[in-house]
Undergrad: 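Below is the structure I would like to discuss, written out as structure tokens.
Since the structure is predicted, the reported quantities are computational estimates derived from the model, not experimental observations. The chain is numbered in sequence order, starting from 1.
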Amino acid sequence: MPSTNARGGSTSAALGVIWENPKLHYPINDVVEFLVHEMTHHTMFMDELCHEHYDYNLILSKSNWASSAILNVPRPLDKVLHSIVVGLEILQFRCKFLGHPVIPNVHPPSDCLLSQLKLSLISIREVIDREKLKGNSLLKPRAMEILNNVQSNIDVMKLSSS
């Protein structure tokens, strides 16, 4: 579908459906990264169908937004958790299969993405901890498990310039 500003996307309202708007000059690796990105969103959507992830009454409040790992802007916590998981999956996919592109078209370069991912993890934990002091649980246990899993993977990640 044509768009002047979006490269594609997904919605939990249409599980399994993605729309794609790649630039014709994109190399195959960028298209593959886009597909990994969108597949990760759908995996998260399916996981949430099985395990509740959020307290939606609290996460949509702008005071509870955190920094996104991909877009590097404040967003609602559900979008931030998705960006954190997507960021990890893109980095792992690059480490295992694609190598680290010098000038990627779809996502930031690996070192930049890793840095944004680490900042996003700090940002989301600050919001979670602040709300916890008020007796609020923004993320349900399964979402916290996912967040902790990403943190564990990031803590041991080594980027190679393959």
Side-chain angles (χ1 to χ4, degrees), residues 5-10 12 18 26-27 29-48 51-56 58-134 136-162:
N5 57 5
R7 292 186 193 106
S10 298
S12 60
I18 63 171
Y26 281 4
N29 284 1
D30 284 310
V31 176
V32 170
E33 274 194 17
F34 167 82
L35 293 171
V36 168
H37 178 132
E38 296 305 327
M39 182 191 71
T40 303
H41 284 304
H42 286 272
T43 303
M44 289 287 289
F45 296 151
M46 288 186 288
D47 194 85
E48 190 178 1
H51 313 279
E52 193 174 23
H53 285 186
Y54 316 103
D55 182 334
Y56 279 104
L58 297 173
I59 66 164
L60 298 179
S61 168
K62 212 161 191 172
S63 65
N64 290 331
W65 287 18
S67 181
S68 165
I70 304 293
L71 298 176
N72 202 27
V73 297
R75 297 192 78 197
L77 254 53
D78 59 329
K79 308 291 189 263
V80 174
L81 182 60
H82 272 242
S83 78
I84 287 169
V85 175
V86 166
L88 174 66
E89 292 300 322
I90 293 301
L91 287 173
Q92 288 182 326
F93 195 73
R94 285 177 177 175
C95 285
K96 292 178 184 177
F97 301 107
L98 295 181
H100 301 282
V102 177
I103 305 173
N105 294 292
V106 177
H107 299 100
S110 296
D111 56 347
C112 178
L113 182 55
L114 180 58
S115 176
Q116 288 177 196
L117 183 50
K118 288 177 178 180
L119 291 173
S120 188
L121 285 163
I122 291 167
S123 177
I124 197 171
R125 290 202 186 271
E126 286 174 350
V127 173
I128 291 167
D129 291 346
R130 184 189 70 231
E131 286 301 307
K132 194 174 198 176
L133 291 173
K134 298 177 189 175
N136 295 328
S137 253
L138 299 173
L139 300 186
K140 304 289 184 180
R142 175 61 178 158
M144 286 303 300
E145 179 184 349
I146 292 168
L147 186 64
N148 291 335
N149 182 50
V150 171
Q151 184 73 62
S152 296
N153 278 276
I154 291 301
D155 288 346
V156 299
M157 181 167 277
K158 303 260 188 295
L159 298 181
S160 64
S161 56
S162 46

Undergrad: Output the distance between atom CD1 (Ile146) and atom CG (Leu81), rounded to the nearest 0.5 Å.
TA: 6.0 Å

Undergrad: Rounded to the nearest 0.5 Å, what separates atom OG1 in Thr40 from atom CD in Gln92?
TA: 9.5 Å

Undergrad: Does any non-hydrogen side-chain atom of Pro101 lie less than 4.5 Å from one of Pro109?
TA: no

Undergrad: Do you know the tightest heavy-atom contact between Ala66 and Val127?
TA: CB-CG2, 4.1 Å

Undergrad: For Lys134, which residues count as a side-chain hydrogen bond (donor to acceptor under 3.5 Å, both in side chains) partner, sequence neighbours excluded?
TA: Glu131

Undergrad: Show the numbers, then the answer: is there a side-chain contact (heavy atoms from CB on, under 4.5 Å) between Arg142 and Glu48?
TA: CA-CA 9 Å; Arg142 175 61 178 158; Glu48 190 178 1; over 6 Å; no

Undergrad: Please round to the nearest 0.5 Å and tell me the distance separating atom CZ of Arg75 and atom CD1 of Ile124.
TA: 12.0 Å

Undergrad: Between Pro141 and His51, is there a side-chain heavy-atom distance shorter than 4.5 Å?
TA: no

Undergrad: Evaluate the side-chain contact (heavy atoms from CB on, under 4.5 Å) criterion for residues Leu119 and Ser67: first the C-alpha distance (whole Å), next the side-chain angles of each, then the deciding distance (0.1 Å), finally the verdict.
TA: CA-CA 7 Å; Leu119 291 173; Ser67 181; 5.6 Å; no

Undergrad: Looking at the rings of His82 and Phe45, which for Trp means the six-membered one, are their centres under 6.0 Å apart?
TA: yes

Undergrad: Could you measure the distance from the OG atom of Ser83 to the NE2 atom of His41? Nearest 0.5 Å is fine.
TA: 8.0 Å

Undergrad: Report yes if the side chains of Met157 and Leu114 come closer than 4.5 Å at any heavy-atom pair, otherwise no.
TA: yes

Undergrad: For the residue pair Leu98 and Phe93, establish whether any side-chain heavy-atom pair is separated by less than 4.5 Å.
TA: yes

Undergrad: Could you note down all residue pairs passing ring-ring contact (aromatic ring centres under 6.0 Å, His included) where residues 139-158 supplies at least one of them, sequence neighbours left out?
TA: none

Undergrad: Kindly indicate whether the side chain of Asp55, heavy atoms from C-beta on, has any atom under 4.5 Å from the side chain of Leu139.
TA: no

Undergrad: Looking at Glu38, Met39, His37, which one forms a side-chain contact (heavy atoms from CB on, under 4.5 Å) with Val86?
TA: His37

Undergrad: Rounded to the nearest 0.5 Å, what's the gap from CG on Asn72 to CD on Gln116? Could you check?
TA: 4.0 Å

Undergrad: Could you tell me if the side chain of Ser123 sits less than 4.5 Å from the side chain of Val80, heavy atoms only?
TA: no

Undergrad: With side-chain contact (heavy atoms from CB on, under 4.5 Å) as the test, would you mind laying out the steps for Lys132 and Ser137 before giving the verdict?
TA: CA-CA 6 Å; Lys132 194 174 198 176; Ser137 253; 5.9 Å; no

Undergrad: Can you confirm whether the side chains of Asp78 and His53 place a donor and an acceptor under 3.5 Å from each other?
TA: no

Undergrad: If you measure from CD1 on Ile122 to CG on Asp129, what distance do you get to the nearest 0.5 Å?
TA: 12.0 Å

Undergrad: Checking Asn64 against Arg130 for the side chain to side chain donor-acceptor pair (under 3.5 Å) test, could you report, in this order, the C-alpha distance in whole Å, the side-chain angles of both residues, the deciding distance, and whether it holds?
TA: CA-CA 9 Å; Asn64 290 331; Arg130 184 189 70 231; 2.9 Å; yes

Undergrad: Are the side chain of Asn149 and the backbone of Glu145 linked by a donor-acceptor contact shorter than 3.5 Å?
TA: no

Undergrad: Among residues at least two apart in sequence or on other chains, which ones pass ring pair (Phe, Tyr, Trp, His ring centres under 6.0 Å) with Tyr56?
TA: Tyr54

Undergrad: Using side-chain heavy atoms (C-beta onward) and a distance below 4.5 Å, is Pro76 in contact with Ile59?
TA: no

Undergrad: Is there a donor-acceptor pair closer than 3.5 Å between any side-chain N or O of Ser68 and the backbone N or O of Leu71?
TA: yes

Undergrad: Can you confirm whether the side chains of Asn29 and Glu33 place a donor and an acceptor under 3.5 Å from each other?
TA: no

Undergrad: Determine the minimum heavy-atom distance between Val106 and Asp30, stating which atoms define it.
TA: CG2-O, 3.4 Å

Undergrad: Are the side chains of Ile18 and Phe34 in contact, using a 4.5 Å heavy-atom criterion?
TA: yes

Undergrad: Can you check side-chain contact (heavy atoms from CB on, under 4.5 Å) on Met144 and Ile128, steps first, answer last?
TA: CA-CA 10 Å; Met144 286 303 300; Ile128 291 167; 3.9 Å; yes

Undergrad: Can Arg94 and Ser110 be counted as having a side-chain donor-acceptor contact under 3.5 angstrom?
TA: yes

Undergrad: Donor-acceptor pair, distance only, cut-off 3.5 Å: does the side chain of Trp65 make one with the backbone of Leu60?
TA: yes

